[in-house]
Number of protein chains: 2
Amino acid sequence: MNTKIKNIKMYLESNNVNPTYHRIVIFQYMENSTRHPTAEQIYTDIKKEIPTISKTTVYNTLNSFVKNGIAEKLNIADSEVHYDIPDNGHDHFLCINCGKIYDIKPEYSKSNIEIKSIQGHKITQLHCYYKGICKSCRNDKK
Amino acid sequence: MNTKIKNIKMYLESNNVNPTYHRIVIFQYMENSTRHPTAEQIYTDIKKEIPTISKTTVYNTLNSFVKNGIAEKLNIADSEVHYDIPDNGHDHFLCINCGKIYDIKPEYSKSNIEIKSIQGHKITQLHCYYKGICKSCRNDKK
DNA sequence: TTTAAGGTTGTAATGAATACAAAAATAAAA
DNA sequence: TTTTATTTTTGTATTCATTACAACCTTAAA
């Protein structure tokens with residue numbers, strides 16, 4: 001077993017996620033992905049490597065990741081939830097033309113919470129979603 | 001017809017929404033509501049006033065409002081979309097305990113876009129969602 | 001008083017996500 | 001090594017929000 005997988009194992013363990021084969025593969029897939037995949041996309045791609053995997057396992061795994069704080073749900077699109085492995089708190093941009101999601105560099109991000117409480121409500125999370133036309137789609141129209 | 005309804009009629013008209021009875025009632029309901037209702041909640045409540053209304057009409061109406069910029073979708077909760085009549089751009093807070101959505105006062109809001117473009121992407125919208133434990137739930141636990 | 005256009009209704013269909021029970025795998029105990 | 005217990009995984013069925021669609025109704029124009 002290579003060091004990368006060993007690192008993932010340790011990382012999952014240290015976050016209360018029992019590092020089974022499926023979970024390691026899914027986490028590795030998400031770490032390598034830049035497209036903020038949906039459960040469906042993860043399922044389809046992982047299936048190439050593990051043909052017997054079930055969609056339920058993907059959902060279970062993602063829910064376990066989210067519950068233990070090592071993955072984040074992005075409610076940026078209307079119909080589907082996208083998933084992200086947050087490195088250092090950054091915002092996201094959704095292209096309303098092509099549907100692609102981009103990372104916004106931390107220096108432009110607004111979701112670094114410094115406030116702990118607003119109007120008496122205890123703040124634990126802040127999600128900021130930008131929307132518009134992405135660079136690529138803007139160029140295509142010219 | 002009272003002035004309030006007349007005003008709504010004019011407002012819908014000026015935003016390219018043909019002001020039918022159903023649409024006026026739904027818009028009025030949303031303006032008076034502080035709970036950022038879902039389509040289901042709107043349907044249930046409006047049904048008391050217009051028993052023959054269909055759920056499709058509620059969805060059609062809301063989609064028409066959103067398309068014409070007089071209502072906004074809140075993708076703040078996991079399963080359902082909530083709707084808001086945005087007055088002056090403010091953020092929202094979701095209590096992860098009771099599910100209630102609160103308005104964040106504009107002075108604490110982050111979604112006033114001043115930037116028109118980030119990393120080459122043209123920005124047209126910014127949605128910021130705070131989450132945590134609301135004032136009321138915090139008091140209940142004591 | 002027809003014709004056309006838009007609005008509404010109800011039912012059917014879609015599709016993401018969950019529930020659940022059986023089977024499989026893994027770990028712990030004897 | 002066997003037995004038992006616990007956790008995972010699988011597959012199917014179900015739920016539920018939302019949309020599709022065709023029939024019907026309403027309104028306004030011709």
List, with names and distances, any nitrogen or oxygen atoms from the protein found under 3.5 Å away from nitrogen or oxygen atoms belonging to nucleotides 20-29 of chain D.
from	atom 1	to	atom 2	distance (Å)
D:dA20	N6	B:Thr56	OG1	3.3

For nucleotides 5-7 of chain C, give me every protein contact, N/O to N/O, under 3.5 Å, one pair per line with atom names.
from	atom 1	to	atom 2	distance (Å)
C:dG7	OP1	B:Asn18	ND2	3.3
C:dG7	OP1	B:Arg23	NH1	2.9

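With distances taken from any side-chain atom of B:Glu80 to the nucleotides C:dA17, D:dA17, C:dG10, the minimum falls on D:dA17.
Between A:Ile42 atom CD1 and C:dA17 atom P the separation is 10 Å, expressed in whole Å. Atom CD1 of B:Ile46 is separated from atom P of C:dT8 by 12 Å (rounded to the nearest Å). Spacing between atom NZ of A:Lys73 and atom C1' of C:dT18 amounts to 11 Å, rounded to whole angstrom units. Between the CG atom of A:Asn75 and the P atom of C:dA16 there is a distance of 15 Å, rounded to whole Å. For A:Glu40 and C:dA16, the CD to P distance is 6 Å, given to the nearest whole Å. Taking atom CD on A:Gln41 and atom P on C:dG15, their separation rounds to 15 Å, with Å as the unit. Distance A:Asp78 CG to C:dG15 P: 16 Å, rounded to the nearest Å. When the P atom of C:dT8 is taken as reference, atom CG of B:Leu62 falls 12 Å away, rounded to whole Å.
Note on A:Tyr59: a side-chain N or O is less than 4.0 Å away from OP1 or OP2 of C:dA17. Taking only side-chain nitrogens and oxygens, B:Ser54 comes nearer than 4.0 Å to OP1 or OP2 of C:dT9.
The environment of NZ in A:Lys47 is crowded: more than 12 heavy-atom neighbours from other residues, nucleotides or ligands sit within 6.0 Å.
Not a single side-chain hydrogen bond (donor to acceptor under 3.5 Å, both in side chains) links B:Lys105 to another residue, sequence neighbours left out. By the side-chain contact (heavy atoms from CB on, under 4.5 Å) test, A:Ser54 pairs with A:Thr56, A:Thr57, sequence neighbours left out. Evaluation of the ring-ring contact (aromatic ring centres under 6.0 Å, His included) rule for A:His92 yields A:His36, A:His90 as partners, not counting sequence neighbours.
Pairs passing the side-chain hydrogen bond (donor to acceptor under 3.5 Å, both in side chains) check and including a residue from residues 13-32 of chain A, sequence neighbours excluded, read A:Tyr29-A:Asp45. Contacts classified as side-chain hydrogen bond (donor to acceptor under 3.5 Å, both in side chains) and involving residues 121-135 of chain B (residues at least two apart or in different chains) are given here: B:Glu72-B:His127, B:Gln125-B:His127. Judged as a ring-ring contact (aromatic ring centres under 6.0 Å, His included), the pairs with a partner in residues 52-72 of chain A (not counting sequence neighbours) are, in order, A:Phe27-A:Phe65.
Interatomic distance, CD1 of A:Ile118 versus CG of A:Leu126, reported as 8.0 Å (0.5 Å rounding).
Counting side-chain heavy-atom gaps under 4.5 Å among Ile, Leu, Val, Met, Phe, Trp and Tyr, B:Met10 is found in no cluster with other residues.
Residue B:Thr52 is classed as a sugar-phosphate contact, given heavy-atom separations below 4.0 Å to backbone atoms only.
When the nearest nucleotides of DNA chain C are assigned to B:Tyr21 and A:Asn63 by heavy-atom distance, the more 5′-ward of the two goes with B:Tyr21.
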